Each structure stands twice: as C-alpha cells, then as structure tokens.
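Note on naming: letters A, B, ... go to the chains in the order of the sequence lines (proteins, then strands), and numbering restarts at 1 for each one. Since this is a predicted model, take the numbers as computed values, not measurements.
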Amino acid sequence: PLPAKPQVTITFPGELVSQKSNMELANEYLSRFGYLSETKKSGRQESTTKALRAMQKKLGLEVTGELDQATLEAMRAPRCGVPDVGS
Amino acid sequence: FLTFEGNLKWDHTDLTYRVTNYSPDLDASVINDAFKRAFKVWSAVTPLTFTQVYSGEADIMIMFGSQEHGDGYPFDGKDGLLAHAFPPGQGIQGDAHFDDDEFWTLGAGLVVNTSFGNANGAACHFPFVFEGKSYSHCTAEGRSDGLPWCSTTPSFDQDKLYGFCPSELLYTYGGNSDGAKCVFPFVFDGTSYNTCTTEGRSDGYRWCATTANFDQDKKYGFCPNRDTAVIGGNSQGEPCAFPFTFLGQTYSSCTSEGREDGRLWCATTSNYDVDRKWGLCPDRGYSIFLVAAHEFGHSLGLDHTSVREALMYPMYSYIEDFQLHQDDIEGIQFLYGRGSGPKPTPPGPVPPTQTPDVPDQTTLATTTEDSGFQPTEPSPVDPGSDACRVQAFDAITEINGMMHFFKSGKYWRTSQSLKGKIQGPFPIAETWPALPATLDAAFQDLLTKKIFFFAGQRFWVYTGKSVLGPRGLEKLGLAPAPARLTGALQRGRGKVLLFSGEHFWRLDVKVQRVDRGYPRQTEETFGGVPIDVHNVFLYRGKYHFCQDRFCWRMTPRYQVDRVGYLKYDVLHCP
C-alpha cells in the first residue's frame with residue numbers, strides 16, 4: 001500500500017511569491033514595456049485602458065481594453081526584456 | 001517587422017561576438033554551438049558574417065547574469081524576463097544578456113552529456129538499469145569516489161556503456177584553474193568548505209577552490225550544475241539530496257507535495273524539516289538557441305514585431321522545427337540587404353523524354369559492371385530548391401555509392417567524389433517512375449544492386465529500369481505489417497535491417513523474407529538512440545538515426561559516438 005502522504009501546503013522559504021494585485025502587475029508590465037509612459041502613470045483608468053488596448057493589439061490578443069484572463073496570462077508569460085514600445 | 005528608432009544598424013557586416021561567461025546549466029560547447037547557430041539564422045539571409053573572438057571588445061558581447069547584472073535593467077528571477085539585448089552601436093550597444101536564474105536547455109529538458117567513461121561522450125539514457133535497479137538521474141552508486149555517472153543505454157547491466165555526469169568532483173569551468181576539479185575541503189577567508197559555495201560572491205554563482213587553500217593560492221573555478229541541480233528556492237544550483245525527509249516522509253525523487261501549483265521540488269539536504277533548504281526541479285527549460293536568435297535580432301537592429309509566429313515576437317514559445325519567418329527575413333533584409341548566396345535561376349528547358357541514356361560518371365563506375373544498370377541522368381527540377389533548407393527528409397539511403405535524400409517527389413544526391421556538392425533536386429518520377437512521391441525508406445542490396453523502396457505498407461524493387469511492385473510488406477514476412485518503415489541498414493551481404501518505431505526486422509534479401517526471431521526491440525540492440533526517429537541509414541560505415549534535424553551516429557559496436565546535425569554532418573551544408 002502507498003504510504004500516507006502529507007496533504008498540507010506550506011510556504012517555502014525564499015519563494016518569490018508575488019503579493020501584487022492584478023492591477024499592480026498590469027501597471028508594472030504596461031510601464032516596463034513602454035505601453036504606459038511615465039507621464040501617464042497617474043493611475044487613471046483611462047490611461048490604463050488605452051495602454052491595455054495597445055498591449056493587446058501589439059501582442060495579437062483580443063483588444064478589449066480590459067484586464068481579462070488572456071491578458072493576465074500574457075503578462076505572466078516568459079518573454080524578452082526589451083520594451084515593445086519606445087526606446 | 002519593426003526596426004529601432006532611426007533604423008539603428010551596424011556600419012560594417014563582418015561582426016564579432018564574444019561570450020564573456022557561461023551558464024552552469026549547459027556545457028560551454030553546447031552554449032557556443034547554440035550561439036553559433038543563432039547567428040547563422042541571420043547570416044543565412046543577409047551579407048552579415050559573425051566571428052567569435054575570445055578576448056578584447058567585440059561588437060556583440062554576450063553574458064549570463066541574474067537580477068541586477070550591471071546595466072541598470074535587472075532580471076527578475078526564474079521565468080518572466082528571459083534575456084535582453086541592446087540595439088547596434090558602441091559600448092554596451094549590441095550586447096546580449098541572458099538571465100541565469102532561468103534553466104537553460106535546448107528547449108526540451110535536461111540533456112546530460114557525459115565525460116570520460118567508455119561511451120564517447122554520449123548523453124545519459126534515463127532511466128537506466130544498474131544491478132537490477134532503475135535510475136532516473138546520475139548516481140554515485142557502485143563507486144567509492146563519489147563521482148556521479150550514468151549509463152548511456154537503457155541497461156548498464158547489459159551494455160556496460162557509461163560516462164561521468166557533470167560534477168565539481170570532475171571539473172570546473174571559468175575561473176583561473178583551466179577546468180581543474182574542486183579540492184574539498186578548501187579554505188576560504190579562514191573557513192573550511194566541503195561543498196561548492198556562493199560565499200564571497202554577489203552574483204550567486206557557485207564556486208570552489210582548486211587547491212586546498214584559496215586564501216593562499218587564489219585558484220578557483222565555477223561548479224557545473226549537476227543533473228539534479230535545483231532552480232531557485234533558497235538553494236539555486238545545489239543538487240537535490242535524495243532521499244530527503246519532508247514532513248516526516250521520505251522522498252527519493254522530486255515531489256509536488258506541499259505545493260499548490262503542482263511544480264516539482266526537492267530538498268537539497270537530507271532533511272527539509274530541519275534545514276528547510278530546497279529548490280525547484282529541472283523542467284523543460286528555455287531554449288538558449290531560440291532566445292539567443294531573438295536577442296541577436298535586437299543586436300542587429302530589429303525591434304519587436306506583432307507577428308506571433310515570427311522570431312522577433314516578444315514572448316517565448318518553443319518551436320521544434322525552427323525556421324526564420326518571412327517577417328523576420330524582411331526586417332533584417334530591410335536593414336542589411338540580401339545575402340550573397342545563390343539566387344534562384346529560371347528553370348532550364350525540359351529535356352525530351354526519349355533522351356539517350358547518359359550514365360552519370362560516378363554511378364557508371366560502380367554499377368555497370370555489376371548490373372548493367374545505366375541510369376538516365378536526371379534533370380534538376382528546381383535549381384533554387386536547396387536541400388540544406390529541408391527540415392526533414394522522407395528517406396535517406398546510399399545508392400550506387402551516392403547518398404540520396406528523398407523529399408516530396410524530389411531527391412538530392414551527394415558523394416565524397418563530389419566534394420560536398422549536392423546535386424539536385426531531381427524528380428523521383430523521372431528516375432523511378434513507378435514510385436509514389438513520398439517514400440519512407442529505401443536501400444540498395446549490395447550484392448544484386450537491386451533497390452528497394454518503401455512507402456506506407458507497400459514496397460517496390462528496381463533492378464535497373466525494371467520494377468516489381470508495389471507489393472505489400474507482409475510479402476516480406478512483416479506481419480502484422482507496420483504502418484510505415486523508417487529506414488534500413490545494410491548488414492553485410494544479403495542482410496538488411498528494416499526499422500519501424502520500436503521494432504526492427506532482419507531481411508534476407510536473397511529470399512526476400514525476414515528472418516525468424518524478428519521483430520526485435522530497437523532499444524535492446526541500438527540503445528541510446530530515440531525510438532521515434534524519422535530516418536535510419538548507413539553513412540560512411542556508421543549507423544545514423546535521425547530525428548528531426550538531429551542525428552545519432554552509432555558505431556558498428558553500437559556505441560553512440562556523436563549526436564549532430566543531418567545538415568552539417570551528412571549533407572555538409574555551409
């Protein structure tokens with residue numbers, strides 16, 4: 001018989017667990033890759049929506065302007081560190 | 001495609017690159033080869049040339065680093081950002097940096113190349129059996145010196161083929177000790193160390209002294225990652241400690257217990273509950289070749305594209321059969337123009353069907369005396385169609401002393417006497433009219449010079465211009481007949497091995513019947529080669545098992561002595 005295994009979930013020391021909310025993650029991504037310029041990082045919904053649309057268009061996602069599941073997954077996917085927009 | 005603002009580009013085409021350090025994940029030779037191939041992606045379609053230099057300032061300086069690594073653009077640990085590169089220019093411009101918190105592979109998981117032993121550097125075969133026990137990672141079992149080793153075939157007990165796995169007990173890389181192995185214990189800053197350490201460094205690389213006293217001798221090297229080295233956690237690069245204890249249970253392999261995300265992990269000491277040292281187990285990793293090819297695109301002046309299938313799309317995806325996308329080609333040629341290679345030429349006049357037989361000089365010498373077969377010299381159908389650009393051939397074999405490469409109704413041929421020149425493509429239908437366009441395998445009987453062709457469950461036999469067939473494979477005694485064959489190996493006079501997936505048969509060509517006792521398991525005899533190969537053929541006295549564009553070369557004594565490329569090793573493409 002298989003031995004009983006631990007069923008608990010633990011917190012591993014040194015694990016980089018992101019404490020950021022989805023919106024914080026999105027803003028960081030949009031800023032890092034050039035969709036949200038420094039001057040527009042005011043947190044205004046309008047700027048974020050516009051940046052999201054630009055990002056979705058650039059990456060070939062459905063352009064919704066929303067932080068939907070596909071967009072979040074794209075933001076978490078492995079990628080090149082060179083910005084998509086700007087220098 | 002997009003270029004950087006101002007169309008930044010190099011003002012010369014003879015570019016140099018230098019690899020300033022290496023990742024512990026892969027052999028330096030594998031990394032160098034991947035970079036070379038990545039540059040070739042671009043040089044193949046432009047006039048650009050790339051030369052590796054080993055000192056001084058190169059146009060493109062390549063480095064591995066993690067987190068903040070000196071340029072103000074920090075990496076972010078495992079996954080996420082993989083690499084970045086700067087557009088063309090002086091100084092840091094043009095340079096490419098790779099995040100060494102990633103697990104760098106060729107994209108399909110760990111490849112453990114061996115050193116020394118008796119397997120000529122062949123890769124480990126996991127799992128393998130040693131003294132009746134199965135091992136899925138390198139082991140020091142059976143040795144008193146602690147050196148990890150592996151079998152390069154499924155069974156060490158049977159084949160006795162082995163090599164040593166990467167280990168600091170065998171060698172180091174980088175540093176100033178010319179690859180000397182670690183000496184344990186060694187003294188650093190007054191403290192004695194029995195294992196590789198990251199102490200004294202801020203970049204996280206594990207190192208050791210190669211004499212007993214670093215403080216005195218200052219001799220050191222970096223420790224290669226073992227096959228069980230973990231990624232991330234709090235023990236980056238340390239090997240798993242099997243067996244280990246976790247919440248009172250013993251584990252002899254990586255486990256996902258204790259995690260919600262299902263990722264496999266292990267402890268790097270024998271007791272996680274006490275030491276809490278751990279890391280994630282190796283996964284498929286990221287292809288250093290694909291990421292490098294992308295980054296070098298930046299180094300040459302290409303920005304990110306929106307074309308998802310293109311190399312310059314910003315997100316990583318693993319592609320097995322990589323081919324540069326038209327978007328990338330147009331982008332790089334916008335900056336540098338086309339290459340100076342052969343350009344397509346208009347097709348020549350179609351030869352009349354009733355041409356007199358003009359024997360090919362090479363084949364004539366080898367065939368006329370034996371069989372009276374004087375083949376019609378075929379006409380190239382499309383001089384612009386390049387065998388070197390074919391990803392995988394339908395069938396490969398030697399006919400009349402020339403290697404023949406079949407693909408979708410066409411074939412190319414080459415031989416040593418042609419000094420690497422590839423002739424063709426020729427239409428199959430012109431030389432062997434009875435055959436279908438797509439073949440699976442072929443071979444020529446060394447005695448009678450008859451040529452056997454296989455497609456699906458049918459085969460044809462050509463004797464000169466006479467043909468017999470198609471006939472069913474079951475006529476040869478292959479029952480039940482496999483869906484298709486993958487290749488054939490001439491085995492002395494009158495015997496040929498026919499391969500299909502996990503099985504092979506020995507065909508007695510004279511009676512055209514497979515011998516009793518077959519099929520046999522391919523891996524039992526030809527251990528160390530993939531079972532899902534596409535082509536099997538004999539070339540220069542050695543067996544070749546090709547999967548995609550890679551070929552496992554095996555000696556007649558069943559030792560894999562090289563894993564290389566069909567394109568370069570057999571076709572000798574530039």
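- Within the 4.5 angstrom heavy-atom criterion, only side-chain atoms of B:Tyr286, from C-beta onward, approach chain A.
- When all heavy atoms of A:Lys58 and B:His304 are compared, the pair lying nearest together is NZ-O, 2.8 Å.
- Residue-level contacts of residues 233-244 of chain B with chain A, in order of numbering, are B:Gly233, B:Asn234; threshold 4.5 Å between heavy atoms.
- Interatomic distance, CZ of A:Phe33 versus CG of B:Leu81, reported as 5.0 Å (0.5 Å rounding).
- Residue contact with chain A, scored on non-hydrogen atoms closer than 4.5 Å, involves the backbone of B:Thr305 exclusively.
- Within residues 82-93 of chain B, the residues having any heavy atom under 4.5 Å from a heavy atom of chain A are, by residue number, B:Leu82, B:Ala83, B:His84, B:Ala85.
- Within residues 292-299 of chain B, the residues approaching chain A closer than 4.5 Å by heavy atoms are, in numerical order, B:His294, B:Glu295, B:His298.
- Taking 4.5 Å as the limit, every side-chain heavy atom of B:Glu260 sits out of range of all side-chain heavy atoms of A:Ile10.
- The closest side-chain heavy-atom distance from B:Arg259 to A:Phe12 is below 4.5 Å.
- The main-chain N or O of A:Pro13 is found under 3.5 Å from a side-chain atom of B:Trp278 such that the two form a donor-acceptor pair.
- In this structure, chain A has no heavy atom under 4.5 Å from any part of B:Asp79.
- In this structure, B:Arg308 contributes its side chain and A:Leu59 its backbone to a donor-acceptor pair below 3.5 Å.
- Interatomic distance, A:Arg79 CZ to B:Tyr313 OH, rounded to the nearest 0.5 Å: 9.0 Å.
- Summarising the geometry of A:Pro83 relative to B:Asp303, their closest heavy-atom pair is O-OD1, 3.8 Å, with the distance given to 0.1 Å.
- Listed by sequence position, A:Ala74, A:Ala77 are the residues of residues 70-77 of chain A in contact with chain B, using a 4.5 angstrom heavy-atom cutoff.
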